[in-house]
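In this text the structure is predicted, and so the values were computed from the model without any measurement.
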Amino acid sequence: MSQNRGVKPSQQRDLAARCQELAAALPLPSPWDLETFIGELSELRGRPIELRRVATVESDAPCGALVSLADRDVIGYLPSTPLHEEHIVLHEVAHLVCGHSDTKLADSPLVAALVPDLPRDLVQSVLGRSAFDAGTEQEAELVASLYLYRAGRAPAPLRRVRKLDAKSGRTLREIQATFDSARRGPEKRR
């Protein structure tokens with residue numbers, strides 16, 4: 001995680017520790033499946049989370065947004081690679097888990113595409129994946145990266161990630177072994 005100007009190393013460590021705690025608090029499905037994770041999180045929170053892939057939006061819109069309505073949360077994301085789409089969705093999930101709230105993006109094109117049939121005054125909170133320098137964005141980005149790491153989908157975003165439980169560690173070792181054998185190529189016959 002890069003150092004921000006004016007942010008003390010102790011604040012960076014506190015942020016990293018908080019993000020690790022938040023990311024470790026939610027169980028991940030094994031094997032990893034984003035839709036299963038979203039379903040389980042919806043049940044835990046007691047309200048639906050809808051995922052919506054939005055194909056056409058102005059180019060300056062964020063690549064993801066979280067729209068909280070009175071009865072549900074809607075996570076929208078722009079098409080990309082599968083791993084990037086997962087990261088965008090998990091970034092928006094991290095906003096939920098971290099308790100972030102804002103309304104600055106309520107009039108954005110992405111929100112209009114996500115909930116075109118709703119008046120803006122029904123939108124209680126909107127957060128988008130765009131301003132990585134803001135504290136909430138940095139926190140959401142790190143929590144999302146930690147989810148992907150725990151799921152075995154990305155390398156550790158921090159130098160000192162807490163030790164994994166035995167099952168997660170075994171899964172990561174199996175994944176690493178698969179990649180290691182693919183790098184070596186087929187065994188040469190003698």
Side-chain angles (χ1 to χ4, degrees), residues 1 14-54 62-78 80 82-106 110-111 114-115 118 122-132 134-158 161-172 174-175:
M1 180 166 70
D14 291 346
L15 175 67
R18 174 176 154 73
C19 290
Q20 285 183 342
E21 286 175 20
L22 288 167
L26 282 177
L28 300 183
S30 182
W32 168 251
D33 179 73
L34 182 62
E35 289 184 25
T36 301
F37 176 68
I38 295 297
E40 290 172 358
L41 180 59
S42 293
E43 283 184 37
L44 264 167
R45 297 183 73 240
R47 61 187 270 130
I49 300 172
E50 294 177 22
L51 298 182
R52 293 188 185 174
R53 191 172 198 233
V54 181
C63 53
L66 167 65
V67 179
S68 292
L69 304 168
D71 62 338
R72 68 190 181 281
D73 295 305
V74 181
I75 294 175
Y77 58 98
L78 297 177
S80 186
L83 183 59
H84 188 224
E85 288 179 0
E86 272 186 336
H87 189 83
I88 294 166
V89 169
L90 291 173
H91 177 98
E92 304 310 330
V93 164
H95 280 306
L96 285 174
V97 170
C98 294
H100 300 158
S101 180
D102 201 347
T103 56
K104 283 186 269 187
L105 293 173
L110 185 57
V111 172
L114 279 174
V115 286
L118 292 179
L122 292 181
V123 175
Q124 296 179 340
S125 176
V126 179
L127 290 159
R129 186 179 192 268
S130 61
F132 294 110
T136 57
E137 289 301 307
Q138 185 179 29
E139 187 173 47
E141 191 67 10
L142 183 52
V143 170
S145 296
L146 288 165
Y147 285 144
L148 286 173
Y149 168 69
R150 285 184 53 220
R153 303 275 293 145
L158 298 170
V161 172
R162 290 188 183 153
K163 190 170 181 161
L164 298 172
D165 59 75
K167 184 177 179 183
S168 297
R170 184 172 52 254
T171 302
L172 285 174
E174 290 169 3
I175 291 168

Q) Is the closest side-chain heavy-atom distance between Leu148 and Leu90 below 4.5 Å? A) yes

Q | Residues that Ser42 engages under side-chain hydrogen bond (donor to acceptor under 3.5 Å, both in side chains), provided they are two or more places apart | A | none

Q | Minimum-distance pair of heavy atoms, taken over all atoms of Ala94 and Ala140 | A | CB-O, 3.4 Å

Q: Rounded to the nearest 0.5 Å, what's the gap from CG on Leu15 to CD on Gln20? Could you check?
A: 10.0 Å

**Q.** Listed partners of Glu50 passing salt bridge (charged side-chain N to carboxylate O under 4.0 Å, His left out), at least two apart
**A.** Arg52, Arg72

Q.
Distance check, rounded to the nearest 0.5 Å: Leu83 atom CG versus Glu85 atom CD?
A. 10.0 Å

(Q) Is the ring pair His87/His91 parallel, tilted or perpendicular, if the boundaries are 30 and 60 degrees? (A) tilted

Q. Does the side chain of Ile88 come within less than 4.5 Å of Ile75's, by heavy atoms?
A. no

Q.
What I'd like to find out is whether the side chain of Arg18 reaches to under 4.5 Å of the side chain of Leu22, using heavy atoms alone.
A. yes

Q | Set of residues satisfying side-chain contact (heavy atoms from CB on, under 4.5 Å) with respect to Arg45, sequence neighbours excluded | A | Leu41, Arg47, Ile49, Asp73, Leu96

Q | Candidate pair Glu139 and His100, rule side chain to side chain contact (heavy atoms under 4.5 Å, CB included), full reasoning | A | CA-CA 10 Å; Glu139 187 173 47; His100 300 158; 2.6 Å; yes

Q) Are Val89 and Leu51 close enough, and set up right, to give a side chain to side chain contact (heavy atoms under 4.5 Å, CB included), and what steps lead you there? A) CA-CA 8 Å; Val89 169; Leu51 298 182; 3.7 Å; yes

Q: Kindly determine whether Tyr147 and Val97 satisfy side chain to side chain contact (heavy atoms under 4.5 Å, CB included), including the steps that lead there.
A: CA-CA 12 Å; Tyr147 285 144; Val97 170; 3.5 Å; yes

Q.
Before you tell me yes or no, could you show the steps for Val143 and Val93 under side chain to side chain contact (heavy atoms under 4.5 Å, CB included), namely the whole-Å CA-CA distance, both residues' side-chain angles and the distance that decides it to 0.1 Å?
A. CA-CA 9 Å; Val143 170; Val93 164; over 6 Å; no

**Q.** Over all atoms of both residues, closest heavy-atom pair of Arg150 and Pro27
**A.** NH2-CA, 4.2 Å

Q: Please tell me if the side chains of Tyr77 and Glu92 come closer than 4.5 Å, counting only heavy atoms from C-beta onward.
A: no

(Q) Which residues pass the side-chain hydrogen bond (donor to acceptor under 3.5 Å, both in side chains) test with Asp33, not counting sequence neighbours? (A) Thr36

Q. Glu86: what forms a side-chain hydrogen bond (donor to acceptor under 3.5 Å, both in side chains) with it, not counting sequence neighbours?
A. Trp32, Arg153

**Q.** For Leu142 against Ala16, the heavy-atom pair lying closest together
**A.** CD2-CA, 4.0 Å

